[in-house]
Amino acid sequence: YLGSNMATAKQYYTAAITSAMERWGVDEADIDAFLANEEVLPAGDLTREHIITQKYLAFWLYNPVEAFNDFRRTGFPEMTNVIGPPPHRFPYPQSEYDSNSENVPLGPETIYSVKLWWAL
C-alpha cells in the first residue's frame with residue numbers, strides 16, 4: 001500500500017503512531033511534538049524504514065516477538081549492541097538439548113550467530 005498512495009499511507013502511519021502513543025498515555029502535545037520531528041514524519045515520502053521503526057517502537061512491549069521478527073527480516077531499526085551483533089534466532093529450549101540433543105544442530109554457544117535457512 002505504501003507505493004500506491006503516499007497521502008493515504010501517511011494518514012494511516014500518523015494514525016497508527018497516535019493510537020500507539022495514546023495507548024501508552026502520552027499527552028496530545030507530546031504526540032504532536034513527536035510527529036513534528038522530520039525523522040518520524042518526513043515532508044517527503046515515507047520509507048519502509050520509517051514504518052518498520054515505528055512499528056518496532058509500538059510493538060516492543062506488547063508483542064516483542066513480532067518486533068524482533070520485523071527487525072530480523074528488515075534490519076530496521078538500526079541498532080548498536082555493545083555485546084555483539086543481534087541474534088538471528090531464538091535459542092532451543094534446554095529440554096531439546098536434554099532429551100533430543102542428537103537432532104539439535106547447534107550448541108548454545110553458536111545459536112545466536114547462525115542465520116535461519118531463509119535468511120542466508
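Numbers here simply count residues along the sequence, with the first being 1.
For the pair Lys10 and Tyr13, the cation-pi criterion (under 6.0 Å, within 45° of the ring axis) is not fulfilled. Judged by a 6.0 Å distance limit and a 45° cone about the ring axis, Arg73 is not positioned over the six-membered ring of Phe68.
Separating the NZ atom in Lys55 from the CD1 atom in Ile51 is a distance of 10.0 Å, to the nearest 0.5 Å. To the nearest 0.5 Å, atom CD1 of residue Ile31 and atom OG1 of residue Thr14 are 11.5 Å apart. Here the CG-CD distance, from Asn100 to Glu96, works out to 5.0 Å after rounding to the nearest 0.5 Å. Atom CG of residue Leu41 and atom CG of residue Asp32 lie 11.0 Å apart, to the nearest 0.5 angstrom. Between Thr18 atom OG1 and Leu35 atom CG the span is 5.0 Å, to the nearest 0.5 Å.
Using a 4.5 Å heavy-atom cutoff, the side chains of Arg23 and Tyr62 are in contact. Looking at heavy atoms from C-beta onward, Phe76 lies out of side-chain contact with Phe71 at the 4.5 angstrom threshold.
When the side-chain hydrogen bond (donor to acceptor under 3.5 Å, both in side chains) test is applied to Asp98, the partners found at least two apart in sequence or on another chain are Gln94. Under the side chain to side chain contact (heavy atoms under 4.5 Å, CB included) criterion, Asn37 pairs with Glu39, Val40, not counting sequence neighbours. Asp45 pairs by the side-chain hydrogen bond (donor to acceptor under 3.5 Å, both in side chains) definition with nothing, not counting sequence neighbours.
At least one donor-acceptor pair closer than 3.5 Å links the side chain of Thr53 to the backbone N or O of Glu49. The closest donor-acceptor contact from the side chain of Trp24 to the backbone of Met21 lies at 3.5 Å or more, if one exists at all. Without hydrogens or angle criteria, Asp27 side chain to Ala29 main chain gives no donor-acceptor distance under 3.5 Å.
When the side chains of ILVMFWY residues are joined at heavy-atom separations under 4.5 Å, either directly or via intervening members, Ile52 and Trp60 end up in two distinct hydrophobic clusters. Connection of Phe59 to Leu46 is not established within any shared hydrophobic cluster, with ILVMFWY side chains joined at heavy-atom distances below 4.5 Å, either directly or through further cluster members.
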Between Tyr56 and Glu66, does the side-chain contact (heavy atoms from CB on, under 4.5 Å) criterion hold? Intermediate values first, please. CA-CA 8 Å; Tyr56 182 90; Glu66 179 72 16; over 6 Å; no

